[in-house]
Amino acid sequence: MNLSPLSRLLRAFTSRSSAVVAAIAALLVAIGHLATAGGPELGTPVVRASGAAMPALTGATGWINSPPMTTEDLRGKVVLVDFWTYSCINCLRTLPHIKAWAQKYKPHGLVVLGVHSPEFDFERSQANVLRATRDLGIDYPVVVDSNHALWRAFGTYAWPTLLFVDAQGRIRHRQLGEGGYEKAERVIQQLLREAGMPGVPDDLVAPQGKGTQAAPSPVPADSGETYVGYARTSGFTAADGGIRQDRPHTYGGAKSLRLGQWTLSGAWTVGAEHAALDQAGGRIALRFRARDLHLVLGPPQDGGRPVRFRVRIDGQPPQGDRGTDVDAEGFGQVDAQRLYQLVRQSSGSAERQFEIEFLDPGVRAYAFTFG
């Protein structure tokens, strides 16, 4: 589960203050029980019943795969609302089940409604969201919530969040994070039967996601989400001191890294949300322990040609430990603003040193996630 920035701030505050409202503390403890932000969800997700009416779908900045709908249009239907964002690994790994439910239960009256609420600025672009929905094979309606109007109206604070709405328009269950798929599908079946839909199946889907949509490792990752922009980063180290905010600097990479540390080499400008490479040859290195390593990347802002890169693991080409976005020698290219899978260890989740070298200037690096 990927927590919103406000939720991360509250969680940090509760660890340092003894005068915190008990309800907030209990909520954040429950969230922290599931995973570090951006890590895999291996336990039971947070599930809460509500009974409140589904909020109005006003304030959306666009719709994909459907004309605009209202809550009145959905009355009499069972609705599954999925709050997601396309560069979030937790959201991507949930998609195989969401898509399977949409296909299986559509004939029985289920409406799946994706609400795309962005984390990064580039995810506010409807063109980017449209491309992502097509690339990910999403054919159900998606509400583009670039201003977070629906995010706020539904009281959402983490990606992904699933809400189960009955035929009377009441939110019956709310589930945060990955996992809990059997429970979620049983809720769908129950609500469809309550709505009087005939022939609702009893069996469960068992989709097998591929690439970034594949299930996380059964062994929890020891590495947590790591942001590259200075506003939310942690674990940075370099031979010549800390990050220089919003100004060009040629960084000297750290000579050694401990687990969870990362470093820059070469000419970079580090902003609040991302680091931009000013000259070819820049590198990012990180010490991690997980089966999978992903990095959210984007090409130059001016829309120039793709940025070529090469990945090394412990100084060597990845070979059988390569992710889906690199070849065996570690070569790949950044051609869109999205999440790239760069490492998938073929056996286990050993501690390794990751390094990516960019052969062209202009790349933007946002965040590491693991699985």
Side-chain angles (χ1 to χ4, degrees), residues 45-86 91 94-117 126 129-130 133-134 136-146 148-156 158-177 180-207:
V46 174
V47 178
R48 293 190 288 122
S50 174
M54 178 179 173
L57 301 175
T58 54
T61 55
W63 286 74
I64 297 172
N65 297 332
S66 171
M69 291 188 286
T70 68
T71 52
E72 288 302 315
D73 295 329
L74 297 170
R75 190 60 58 87
K77 301 283 189 179
V78 173
V79 183
L80 171 60
V81 181
D82 173 29
F83 277 89
W84 70 296
T85 188
Y86 78 80
C91 300
T94 304
L95 278 179
H97 281 83
I98 304 293
K99 292 188 290 186
W101 294 332
Q103 181 178 22
K104 178 179 178 179
Y105 295 105
K106 182 178 180 179
H108 303 281
L110 176 70
V111 175
V112 173
L113 189 64
V115 180
H116 187 274
S117 298
Q126 183 158 333
V129 180
L130 177 60
T133 57
R134 290 174 175 171
L136 295 168
I138 296 171
D139 58 9
Y140 50 78
V142 173
V143 187
V144 183
D145 184 35
S146 294
H148 294 104
L150 298 183
W151 175 275
R152 292 188 295 270
F154 280 78
T156 313
W159 299 272
T161 291
L162 304 181
L163 298 103
F164 303 80
V165 183
D166 66 19
Q168 285 72 48
R170 298 172 299 176
I171 298 173
R172 296 281 294 276
H173 291 273
R174 180 190 298 257
Q175 180 169 308
L176 284 68
Y181 299 121
E182 179 177 350
K183 169 66 175 176
E185 189 166 359
R186 293 302 185 199
V187 170
I188 292 170
Q189 293 172 350
Q190 174 190 336
L191 296 181
L192 289 172
R193 293 189 182 106
E194 288 181 7
M197 302 299 177
V200 177
D202 290 319
D203 61 327
L204 301 171
V205 301

- [ ] Begin from the C-alpha positions of M69 and L74 and carry the test side chain to side chain contact (heavy atoms under 4.5 Å, CB included) through to its verdict.
- [x] CA-CA 8 Å; M69 291 188 286; L74 297 170; 4.0 Å; yes

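Under the side chain to side chain donor-acceptor pair (under 3.5 Å) criterion, the residue pairs touching residues 73-82 are T70-D73, with sequence neighbours excluded.
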Could you pull out all donor-acceptor pairs under 3.5 Å where a side-chain atom in residues 195-203 meets a protein atom, sequence neighbours excluded?
| from | atom 1 | to | atom 2 | distance (Å) |
| --- | --- | --- | --- | --- |
| D202 | OD1 | R193 | NH2 | 2.4 |
| D203 | OD1 | K104 | NZ | 3.1 |

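With E185 contributing its side chain and V205 its backbone, the two residues share a donor-acceptor pair below 3.5 Å. The closest donor-acceptor contact from the side chain of W151 to the backbone of S117 lies at 3.5 Å or more, if one exists at all. The closest donor-acceptor contact from the side chain of D145 to the backbone of A60 lies at 3.5 Å or more, if one exists at all. A donor-acceptor pair is defined here as one N or O able to donate and one able to accept, closer than 3.5 Å; such a pair exists between the side chain of T61 and the backbone of V144.
The local environment of CD in Q190 is crowded, with over 12 non-hydrogen atoms from other residues, nucleotides or ligands closer than 6.0 Å. More than 12 heavy atoms of other residues, nucleotides or ligands sit less than 6.0 Å from atom CZ of R186.
The side-chain contact (heavy atoms from CB on, under 4.5 Å) with L113 is formed by just one residue from the set L57, V142, L150; it is L57. Each of W63, Y86, Y140 was evaluated against H116; a single residue qualifies, Y86, per the ring pair (Phe, Tyr, Trp, His ring centres under 6.0 Å) test.
Scanning for salt bridge (Lys or Arg N to Asp or Glu O under 4.0 Å) contacts around R170 gives D166, with sequence neighbours left out.
The shortest heavy-atom contact between L110 and L80 is CD1-N, 4.0 Å.
A 4.5 Å side-chain heavy-atom check between L95 and L136 finds at least one atom pair inside the cut-off.
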